[in-house]
Amino acid sequence: VARGIMMLKTVNVTYQLTGGQAMPNFKPFSQFMGMDFANNQAPGFLFTTGLTDKKIRERSADNDWLVKVQNQTTAYTYLSTKDLSFRASLEPHGSLKIDLTANKKETTNTSEFMLYNDTLKNTYHDKHFIFDVSKNSTGSFNISTFSFFNSFKDGKDPVNSKLFNDFLSERRNVANQLGAANAQSSSNPLGSAGSQTYQAIGSSSVSSYVDGYQDNQQDVLLGAFLSIYGGKKIKNYSTTNIFPKIPIPNWTISWDGIGKLPQLKKTFRSVTIRHAYQSQYNINGYSNNLLFTGGSPNDPQQTSRAPVSVSTGSTVFNSNFVPYYNINAVTLTENFSPLVKFDFQFVKQGWSANVTTNRTKSTSLNITGPQIIETKGQEYIVGIGYMYPKLKIPGVKIQGKVLESNLTVKVDISYRKNISVIRRISDGISIPTGGTNIITLRSSADYALTPNINLRLFYDWIKTKPQTSASFPTANATGGFSLRINFQ
């Protein structure tokens with residue numbers, strides 16, 4: 001137990017809940033603590049303290065807190081932001097340090113009308129109110145995840161993609177799962193007599209079609225994207241259950257134990273190896289689908305349908321189930337920054353060096369397209385530095401003293417390769433759309449004129465060579481100096 005305590009250094013968990021409600025046609029007056037004690041403490045503790053009271057409309061109708069007007073023009077609104085963050089520091093060994101971070105953020109903003117009419121029957125408690133009319137809900141979602149190193153699975157080939165081929169095939173598994181769970185779908189196992197078939201434009205293969213869940217139906221695409229590119233499946237996945245629930249920690253690792261080997265001590269004072277991994281799943285914006293009908297607000301059922309083309313440009317239509325949410329795009333990022341970095345401190349006084357490789361990948365599923373857009377980047381950096389101790393500049397005095405300070409010189413050379421590919425889902429064709437090769441030289445010299453004034457000389461040179469004919473090569477150079485003054 002004591003050993004485990006030494007390994008876990010710090011843990012920090014933060015949960016922030018931000019909410020707000022606006023209740024129209026409210027009769028009671030605000031007294032102490034924002035409540036009306038003459039009317040059963042209206043509107044209640046949860047509402048006045050800013051916490052969400054999900055039953056405020058029902059309680060208001062039960063206690064006669066609402067003005068009974070038949071022409072309601074102001075919507076009931078509520079908003080909510082849930083922000084969870086986690087950070088932990090581990091030290092399994094004195095030379096090995098691990099930082100874990102995780103996050104999850106959900107934002108929703110909903111407005112809906114309440115209707116009153118004394119002739120309405122079968123309403124809430126016979127109070128002649130109908131809630132949840134013309135509901136409009138928008139939101140965003142972001143969560144840390146683990147993508148199982150998918151950045152490496154496609155190798156160096158920018159066009160051919162195993163992940164994309166697996167994604168196209170996985171759509172069938174998701175469609176069968178959704179069809180089997182929906183009593184309104186007359187889905188049959190793949191290849192059975194009841195399955196419909198169609199031939200995609202420009203394709204020689206014939207694809208099967210599950211009733212209500214064509215290959216490019218939104219729920220099918222999202223489920224397949226999470227399964228293949230995200231490396232996980234949501235339990236009981238459905239049109240309303242599309243958000244991963246548990247954030248998975250990302251990490252930063254540093255280890256300086258290799259520098260303690262006798263073979264390296266002769267040359268290096270220290271050698272530190274660093275590695276960092278970050279992956280995020282993001283839905284930048286979504287809204288409820290006004291065409292969705294079926295079930296109750298607390299238990300929505302996917303029953304409504306809408307005609308969609310079976311493939312781009314086709315005149316053949318199948319009737320798909322309408323998804324609960326309208327989502328234009330989702331994005332999955334996976335960054336190794338750095339993938340590996342070596343920091344060297346030499347035995348010879350003043351000298352240092354670093355070698356770094358970074359790798360990034362962003363994959364976006366465009367549902368309205370439909371298409372997958374991939375952007376990959378790989379970077380290599382080599383740097384060297386030297387610190388000249390107590391460099392004197394003869395003839396220059398400040399406050400009667402000869403100028404003397406440490407001079408730090410750094411030079412970094414990097415090579416980065418970026419490429420973007422659009423993968424059309426309807427016909428399975430991948431097209432490179434852009435890319436650049438970038439060579440960068442960055443150099444600087446820092447010298448402290450006084451404890452509060454620092455002089456920096458710099459020179460940067462960047463050469464960009466496009467991988468397509470859409471643009472032309474460029475080269476830019478910048479140089480100069482800067483003075484940084486610290487006021488105390």
Mark yes or no for whether [X], through its side chain, and [Y], through its backbone, hold a donor-acceptor pair below 3.5 Å.
| X | Y | result |
| --- | --- | --- |
| Trp65 | Asn39 | yes |
| Lys232 | Gly230 | yes |
| Ser60 | Ile56 | yes |
| Thr360 | Gln378 | no |
| Asn320 | Gln214 | yes |
| Arg59 | Pro43 | yes |
| Asn182 | Gln302 | yes |
| Asp36 | Phe29 | yes |
| Asn366 | Thr368 | yes |
| Asn289 | Leu291 | yes |

Derivation of the side chain to side chain contact (heavy atoms under 4.5 Å, CB included) call for Leu221 and Phe167: CA-CA 9 Å; Leu221 292 176; Phe167 164 80; 3.9 Å; yes
Please tell me whether [X] and [Y] have a donor and an acceptor in their side chains that are separated by less than 3.5 angstrom.
| X | Y | answer |
| --- | --- | --- |
| Ser254 | Thr272 | no |
| Asp211 | Ser186 | yes |
| Gln218 | Tyr325 | no |
| Gln217 | Asp219 | yes |
| Arg416 | Asn358 | no |
| Arg305 | Ser319 | no |
| Ser140 | Asn284 | no |
| Asn354 | Asp343 | no |
| Thr333 | Ser362 | no |
| Thr433 | Ser420 | no |
| Thr110 | Ser137 | yes |
| Asn326 | Asn288 | no |

Other residues, nucleotides, ligands: >12 heavy atoms within 6.0 Å of Ile246 CD1: no
Heavy atoms of other groups near Phe45 CZ, more than 12 under 6.0 Å: no
With a 4.5 Å limit on heavy-atom distance, are the side chains of [X] and [Y] in contact?
| X | Y | result |
| --- | --- | --- |
| Leu79 | Thr108 | no |
| Leu222 | Ile327 | yes |
| Pro323 | Phe292 | no |
| Asn418 | Ile438 | yes |

Candidate pair Asn236 and Asn241, rule side-chain hydrogen bond (donor to acceptor under 3.5 Å, both in side chains), full reasoning: CA-CA 7 Å; Asn236 300 322; Asn241 183 27; over 6 Å; no
Option from Phe243, Tyr324, Phe141 for which ring-ring contact (aromatic ring centres under 6.0 Å, His included) with Tyr286 holds: Phe243
Using 30° and 60° as the class boundaries, would you call the ring planes of [X] and [Y] parallel, tilted or perpendicular?
| X | Y | value |
| --- | --- | --- |
| Tyr78 | Tyr76 | tilted |
| Phe321 | Tyr213 | tilted |
| Phe129 | Tyr116 | tilted |
| Trp251 | His275 | tilted |

Arg359 to Phe336, cation-pi by 6.0 Å centre distance and 45° axis angle: no
May I ask you to decide whether [X] forms a salt bridge with [Y], counting only side-chain N to carboxylate O separations under 4.0 Å?
| X | Y | result |
| --- | --- | --- |
| Arg484 | Asp446 | no |
| Arg87 | Asp99 | no |
| Asp64 | Lys27 | yes |
| Asp427 | Arg424 | yes |
| Lys233 | Glu170 | yes |
| Arg442 | Asp412 | no |

Give me the atom names and distance for the closest heavy-atom approach of [X] to [Y].
| X | Y | result |
| --- | --- | --- |
| Val174 | Tyr237 | CG1-CE2, 4.1 Å |
| Ser279 | Ser147 | OG-OG, 2.6 Å |
| Leu84 | Tyr15 | CB-CD1, 4.0 Å |
| Tyr229 | Ile372 | CE1-CD1, 3.5 Å |
| Ser185 | Val210 | OG-CG1, 4.4 Å |
| Pro24 | Leu66 | O-CD2, 3.9 Å |

Reported CG-to-NZ distance for the pair Asp166 and Lys153, which is rounded to 0.5 angstrom: 8.5 Å
Criterion side chain to side chain contact (heavy atoms under 4.5 Å, CB included) on Ser80 and Thr107, from CA distance to verdict: CA-CA 6 Å; Ser80 173; Thr107 301; over 6 Å; no
Derivation of the side chain to side chain contact (heavy atoms under 4.5 Å, CB included) call for Leu100 and Leu90: CA-CA 8 Å; Leu100 302 177; Leu90 308 177; 3.9 Å; yes
Gln280 vs Asn103, side-chain hydrogen bond (donor to acceptor under 3.5 Å, both in side chains): CA-CA, chis, key distance, verdict: CA-CA 9 Å; Gln280 298 281 321; Asn103 67 277; 3.0 Å; yes
Ile228: which of Leu168, Leu163, Thr363 passes side-chain contact (heavy atoms from CB on, under 4.5 Å): Leu163
Evaluation steps, salt bridge (Lys or Arg N to Asp or Glu O under 4.0 Å), between Glu334 and Lys376: CA-CA 10 Å; Glu334 192 173 40; Lys376 300 179 183 179; over 6 Å; no
Residue pair Lys97, Asp256: steps toward the salt bridge (Lys or Arg N to Asp or Glu O under 4.0 Å) verdict: CA-CA 9 Å; Lys97 298 179 180 179; Asp256 60 5; over 6 Å; no
Trace of the side chain to side chain contact (heavy atoms under 4.5 Å, CB included) decision for Val421 with Ile373: CA-CA 6 Å; Val421 181; Ile373 303 173; over 6 Å; no
